[in-house]
Structures are given as C-alpha cells and as structure tokens.
Visitor: 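Please see the structure below; I have some questions.
Every chain is numbered from 1 and lettered A, B, ... according to where its sequence line falls, protein lines coming before strand lines.
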Protein chains: 2
Amino acid sequence: MLSKKAKYGLQAIIFLAKEEKKKQGPIQIASLAKNEKIPKKFLEIILLELRKQGILHSKLGAGGGYSLGKAAEKISIGQVVRILDGPLAQVSCLSKTAYHKCDECKDEKTCEIRKIMKKVHETTTRILDRTTLADAVKGKVNF
Amino acid sequence: MLSKKAKYGLQAIIFLAKEEKKKQGPIQIASLAKNEKIPKKFLEIILLELRKQGILHSKLGAGGGYSLGKAAEKISIGQVVRILDGPLAQVSCLSKTAYHKCDECKDEKTCEIRKIMKKVHETTTRILDRTTLADAVKGKVNF
DNA sequence: ATATATTCTACTAATAAAATAGACAATATA
DNA sequence: TATATTGTCTATTTTATTAGTAGAATATAT
C-alpha cells in the first residue's frame, strides 16, 4: 500500500502539473491543502521533501508558493514515490536505490522469494519509472 | 516492502514444500525456526495464521508439527502474502479482497493515481497469483 | 503417566506514520 | 520601511503497526 504521505504527494504534484498549464504563477500550500483535502502542516513536510529533491520549486513571500521544479515530462511517478515512501522493491536485496543484503538470507542467488519478487519489481519499476507526471495528467499510463 | 512476517512465512512454507517431497511427516516449529533463523515465537503466530486460512495443516502432540494444508500446486504466493501482509493493492480502491473507497478521493473514475496503480496492481497480481508454491520451489516464475 | 507439540491469551518494546504547534526568515508591495 | 504574506525549520504529540516475548492450556503418541 502507498502511505498517505505518498498519496498526498502525488495528489499535490498532479494538481500542480495541471495548474502549470494555466501559466498563473505558484500555488500556495494553503490552497493546495484545501483543494486536495490534505492536512496543511503535513503537506508542508511533503512539499519540502520534494523540493529538496529538485522535483518542486518554491518561492517565498507574498505571491509565493509552489510550482514544478522541472518539466512534467521529466518527472517520473516512480521518483516521487521513492522520495516519499522509500524503495519500490519488495525486498531490500532488489533495490537499486537502497540495496542491502537481507538479514535472514542464506544465498541471494538461490533465494526463491527474491526470484519471484524480482519479476514483480521489474514490472512495477517499468511502469512507475516510465510513466511521467505529464502522462499521468493526460491519463496515459505506459505499459 | 514485504514485512518480516510475510518473508518469514514464505521462507517457512517454501521449506515445508521442499520437505513435503521427502514424505517424512510434519515439521516442528522449533526445527523450522532453527533452519530458517526465524524467532520461534513469532513463527508460531505466522504458522497459526496460515493454518487458519487452510494453507497449512498442523498436528498436535508428540510427532506432530506442520505440513502443507493442500497441494503445493494449489497454493499461490499471492495468497500467502495477502494473509500475512494484507491486500496487494497500492490503494484500497483497487483491492479485490478488501475494497474500500479512498478517504481523500473525489472521483474514482478520473483519479490519475488509481489509473497508474491499477496497471501496477494488475501486473503484480498476475505474477503473484499465478505463481504457485510448486513453481517457487522449482525456481519457475510465471510471466 | 509423561514427554512432546501446537494453541491460546496476553503482553511489551520499538519503530514508523500521521498530524500539529510555533518561532523564524524571505519577499512583494503599499 | 512597515506590514502582510508565505515558505522553512525544529520540536512534539498521537496513533498505528511491526516485531517479538511469556506462560498456561490443550492434544497426542508411546
């Protein structure tokens, strides 16, 4: 399951991508929170994390707010989920971004669980890493 | 990520499936725990859950222990994971076994997150529900 | 009877998820 | 330059979940 954090984050960034098209400056956390029914303070944390990873851009002061940090075509859904929920892999020995050996594992090469989850991981990353925010907004999902 | 519970459960049931072939009665929790390096008391809980769902069979008393509750060909990996970790779906509105509307969701039909996760869900369930314990032991993964 | 196993009830500890509070810093603009 | 606006940062709180433990009760083979 996606955490609420990741879900809120995706809702927010999809909203921002839609607004982006209208070319009307940045969106405030408050209005974003209200529109998407997300607890404001929680959303702050989420947006900040996305900004620190370069996914979003923020502007301080009056008339400030959030906007996309790069083109919607350059932001993948997988990236966003990884930032907010951590690795996509079902077992840590499959993660490219955060690999480490499983404690209980005797032998990675013969591990049956790994073999199965490898397939799952491959197909999910194929979808999530190749579907961009721009695709999402268009309702187009690759694979 | 899979929880340790699901991982331990899969390790245990794969071990049982392998032992099954040797046709030497049931396996005790203690020896299972030792072999797979799983905390015994935690394993008790896990095996009990799998037994209650008909996946495993247990025998009380001396010479007792655990064995598969049905043919390895009839047990899917997806079933085991669902019992131990809950729904496979990334969002509850996609779960077949535990559907419920997402709190924040305005409209399920147009939800972009749902659309993307539907693909992910379809591919993961295709793999996990069609790969049986027998396949796993053979090292064969479908799709 | 007795040793061997699972079963059941009831905890506990640790960690993570979700949400909140309030002071601080930057910026537009009047 | 005073002021309202808006994001930033640090710290807490609350709640839920995960992981693991303890011990008595129950069933069974010998």
Side-chain angles (χ1 to χ4, degrees), chain A residues 1-12 16 24-34 36-53 55-69 81 83-87 90-92 98 102-104, chain B residues 1-12 16 24-34 36-53 55-69 81 83-87 90-92 98 102-104:
Chain A
M1 286 271 178
L2 281 182
S3 70
K4 288 205 173 187
K5 194 176 183 184
K7 224 158 145 188
Y8 289 158
L10 287 171
Q11 282 179 253
L16 284 175
Q24 296 164 340
I27 310 293
Q28 291 75 36
I29 297 179
S31 86
L32 206 38
K34 201 180 167 197
E36 299 293 322
K37 293 182 204 153
I38 302 171
K40 182 166 170 266
K41 278 290 187 179
F42 194 19
L43 183 57
E44 275 185 19
I45 296 167
I46 295 168
L47 297 179
L48 206 50
E49 283 185 47
L50 293 174
R51 196 218 61 181
K52 282 181 179 165
Q53 299 299 320
I55 304 292
L56 294 182
H57 175 255
S58 69
K59 201 181 168 215
L60 275 170
Y66 274 95
S67 50
L68 297 184
V81 175
I83 291 168
L84 300 174
D85 269 359
Q90 285 71 24
V91 281
S92 61
C102 301
D103 311 337
E104 334 74 26
Chain B
M1 286 271 177
L2 281 182
S3 70
K4 288 205 173 190
K5 195 176 181 183
K7 223 158 146 191
Y8 289 159
L10 287 172
Q11 283 180 254
L16 284 175
Q24 296 164 340
I27 310 292
Q28 290 76 36
I29 296 179
S31 85
L32 205 39
K34 200 180 168 197
E36 298 293 321
K37 294 182 203 154
I38 302 172
K40 183 167 170 266
K41 278 290 187 179
F42 194 19
L43 184 56
E44 274 185 21
I45 296 167
I46 295 168
L47 296 179
L48 205 51
E49 282 185 49
L50 293 174
R51 196 220 61 183
K52 282 179 178 164
Q53 299 300 321
I55 304 292
L56 294 182
H57 175 256
S58 68
K59 200 180 169 218
L60 276 170
Y66 274 93
S67 51
L68 297 184
V81 174
I83 291 169
L84 299 174
D85 269 0
Q90 285 71 24
V91 281
S92 61
C102 300
D103 310 339
E104 333 74 27

Visitor: Looking for any heavy atom pair under 4.0 Å, which part of the strands does A:Ile27 touch: base, sugar-phosphate only, or nothing?
Guide: sugar-phosphate
Visitor: If we ignore hydrogens and angles and just use 3.5 Å, is the side chain of A:Asp85 paired with the main-chain N or O of A:Ser3 as donor and acceptor?
Guide: yes
Visitor: Given A:Lys4 and B:Asp103, is the side chain to side chain contact (heavy atoms under 4.5 Å, CB included) satisfied, shown in steps?
Guide: CA-CA 10 Å; A:Lys4 288 205 173 187; B:Asp103 310 339; 3.4 Å; yes
Visitor: Dump the intermediate steps for side chain to side chain contact (heavy atoms under 4.5 Å, CB included) on B:Tyr66 and B:Leu48, then the final yes or no.
Guide: CA-CA 10 Å; B:Tyr66 274 93; B:Leu48 205 51; 3.8 Å; yes
Visitor: Show your working on side chain to side chain contact (heavy atoms under 4.5 Å, CB included) between B:Leu10 and B:Val81 and close with a plain yes or no.
Guide: CA-CA 8 Å; B:Leu10 287 172; B:Val81 174; 4.1 Å; yes
Visitor: Classify B:Lys52 by what it touches in the nucleic acid, base, sugar-phosphate, or nothing, heavy-atom distance under 4.0 Å.
Guide: sugar-phosphate
Visitor: Name the closest nucleotide to the A:Ser3 side chain, picking from D:dA19, C:dA18, D:dT6.
Guide: C:dA18
Visitor: In this structure, how many angstroms lie between the P atom of C:dA3 and the CD atom of B:Gln28, rounded?
Guide: 17 Å
Visitor: Just compare D:dG20, D:dT5, D:dG7 and give me whichever is closest to any side-chain atom of A:Ala62.
Guide: D:dT5
Visitor: Round to the nearest Å and state the distance from A:Glu49 atom CD to D:dG7 atom C1'.
Guide: 15 Å
Visitor: Taking only N and O in the side chain of A:Lys5, is any of them less than 4.0 Å away from OP1 or OP2 of C:dA19?
Guide: no
Visitor: For B:Leu47 and C:dC8, give me the distance from atom CG to atom C1', rounded to whole Å.
Guide: 15 Å
Visitor: To the nearest angstrom, how far is B:Glu44 atom CD from D:dT26 atom P?
Guide: 16 Å
Visitor: Roughly, in whole Å, what's the span from CZ in A:Phe42 to P in C:dA21?
Guide: 15 Å
Visitor: State whether the distance check finds a donor on one side and an acceptor on the other, under 3.5 Å, for side chain B:Lys4 versus base D:dG20.
Guide: no
Visitor: Would you indicate which nucleotide in D:dG7, C:dT20, D:dG23 comes nearest to any side-chain atom of A:Ile29?
Guide: D:dG7
Visitor: Between B:Ser58 and C:dT7, is there a contact of a side-chain N or O with OP1 or OP2 at under 4.0 Å?
Guide: yes
Visitor: Over how many whole Å does the gap from B:Leu48 atom CG to D:dT21 atom C1' extend?
Guide: 16 Å
Visitor: Specify the residue among A:Gly61 and A:Leu2 whose closest nucleotide of DNA chain C lies further upstream toward the 5′ end.
Guide: A:Leu2
Visitor: Measuring from the side chain of A:Lys41 (C-beta onward, heavy atoms only), which nucleotide among D:dT8, D:dA29, C:dT7 has the closest atom?
Guide: D:dT8
Visitor: Grab the CG-C1' distance between B:Asp103 and C:dA19 for me, whole Å please.
Guide: 14 Å
Visitor: Is A:Tyr8 close enough to C:dA19 that one of its side-chain N or O atoms is under 4.0 Å from OP1 or OP2 there?
Guide: yes
Visitor: Among the candidates C:dT6, D:dT21, C:dA28, find the nucleotide nearest to the side-chain atoms of A:Lys59.
Guide: C:dA28
Visitor: Atom CD1 of A:Ile45 and atom C1' of C:dA18: how far apart are they, to the nearest Å?
Guide: 9 Å
Visitor: Less than 4.0 Å between a side-chain N and a carboxylate O, is that true for B:Glu49 and B:Lys52?
Guide: no
